[in-house]
Amino acid sequence: MLTLETTDLKEARRSRIAQFSGRSATLTVGGTSVTGLVRAVREDNSGDVPRWLVTVIADPPRAAAASRVNRAQA
């Protein structure tokens, strides 16, 4: 489980929609993309700029899953 921090309102809104619909979402934070199931979206107003803390259960990387399938076939 990962907790990501974003200040992008659109990213937070997409995360919240994915959370309520039960779909996987791809979040891009700091140049890194994470795909997974969104468990929580919390707003943090403690600073000058509003930010959101998004908790994600990350899916396993697809490249690793593909290599496991190739090894099983060999």
Side-chain angles (χ1 to χ4, degrees):
M1 201 166 349
L2 302 169
T3 301
L4 306 170
E5 177 182 322
T6 184
T7 57
D8 186 11
L9 177 61
K10 287 183 181 181
E11 196 79 45
R13 187 176 294 140
R14 260 184 264 140
S15 300
R16 189 151 307 190
I17 291 168
Q19 176 190 5
F20 288 125
S21 65
R23 295 180 298 180
S24 289
T26 300
L27 305 171
T28 305
V29 178
T32 305
S33 294
V34 177
T35 301
L37 205 61
V38 178
R39 299 298 290 173
V41 180
R42 296 181 310 267
E43 187 173 3
D44 183 16
N45 290 325
S46 62
D48 293 336
V49 179
R51 65 182 182 149
W52 291 267
L53 302 172
V54 182
T55 304
V56 178
I57 297 176
D59 293 340
R62 291 181 184 242
S67 67
R68 277 187 260 138
V69 170
N70 291 337
R71 277 189 239 144
Q73 291 175 352

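All values derive from a computational prediction rather than experimental measurement.
- Judged by distance alone, the side chains of Ser46 and Asp44 do bring a donor and an acceptor atom under 3.5 Å apart.
- Note on Leu27 and Leu9: same hydrophobic cluster, where clusters join Ile, Leu, Val, Met, Phe, Trp and Tyr whose side-chain heavy atoms are under 4.5 Å apart, directly or indirectly.
- None of Val56, Val54, Val41, Leu37 except one satisfies the side chain to side chain contact (heavy atoms under 4.5 Å, CB included) rule with Gln19; the exception is Val41.
- Annotation for Thr6 and Glu11: closest pair OG1-CB, 4.0 Å, computed over non-hydrogen atoms.
- Shortest non-hydrogen contact noted between Leu2 and Ala58 is CD1-CB, 4.0 Å.
- The line from CE of Met1 to OG1 of Thr55 is 7.0 Å long, rounded to the nearest 0.5 Å.
- The main-chain N or O of Glu5 is never found under 3.5 Å from a side-chain atom of Arg51 such that the two would form a donor-acceptor pair.
- Side-chain contact check for Val38 versus Arg16: every heavy-atom pair is 4.5 Å or farther apart.
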